[in-house]
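Reviewing the structure listed below.
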Amino acid sequence: MKVGDRVRVKDSVVIYHHPEHRNQPFDLKGTEGEVIDIVTQWQGRPVSANLPILVQFTKKFKAHLRENELEVI
């Protein structure tokens, strides 16, 4: 998986920060987006992020996910 890949959420992932469903549970399963970053550094230092893949779903909505929760389209 690399930056620019189109991906789909294959597992049930419940979030609470979706702009259209603020503070309510929202399941991302089946949602498609684009990988915009893979987090490996923060302020020039290497990090081991728990949720390293940053996916842009809509113009207003991004989420960090694990690689095993996504499939490349």
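Every value quoted in this text rests on a predicted model; they were computed, and no experiment measured them.
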| note | For Val3 and Asp37 the tightest heavy-atom approach is CG2-CA, 4.1 Å
| said: I need the full list of salt bridge (Lys or Arg N to Asp or Glu O under 4.0 Å) pairs touching residues 50-62, with sequence neighbours left out, sorted by first then second residue. | reply: none
| said: Filter on salt bridge (Lys or Arg N to Asp or Glu O under 4.0 Å), then keep only pairs touching residues 9-20, sequence neighbours left out; what's left? | reply: none
| message | Is there a path of hydrophobic side-chain contacts, each under 4.5 Å between heavy atoms, that joins Ile73 and Phe57? | response | no
| query | Leu54, Val9: one ILVMFWY side-chain cluster at the under-4.5 Å cut-off? | reply | no
| field | Test side chain to side chain donor-acceptor pair (under 3.5 Å) applied to Asp5 - qualifying residues, sequence neighbours left out | value | Lys2
| Which other residues end up in the same hydrophobic cluster as Tyr16, if Ile, Leu, Val, Met, Phe, Trp and Tyr are linked when side-chain heavy atoms come under 4.5 Å apart? | Val14
| query | Would you say Leu70 and Ile38 are hydrophobically clustered, going by side-chain heavy atoms of ILVMFWY under 4.5 Å? | reply | yes
| Do Phe61 and Val13 belong together in a cluster built from hydrophobic side chains that touch within less than 4.5 Å? | yes
| note | Quick note, ring pair (Phe, Tyr, Trp, His ring centres under 6.0 Å) partners involving residues 22-56, not counting sequence neighbours, are His18-Phe26, His21-Phe26
Got a list of side-chain donor-acceptor pairs under 3.5 Å for residues 43-50, not counting sequence neighbours?
none

| hydrophobic_cluster_shared for Val39 and Ile36, side chain cutoff 4.5 Å | no
| Residue pairs fulfilling side-chain hydrogen bond (donor to acceptor under 3.5 Å, both in side chains) with at least one residue in residues 63-73, sequence neighbours excluded | Arg8-Glu71, Arg66-Glu69
| message | For Val7 versus Val35, what's the shortest heavy-atom pair and its separation? | response | CG1-CG2, 3.8 Å
| said: Which residues pass the side chain to side chain donor-acceptor pair (under 3.5 Å) test with Thr40, not counting sequence neighbours? | reply: none
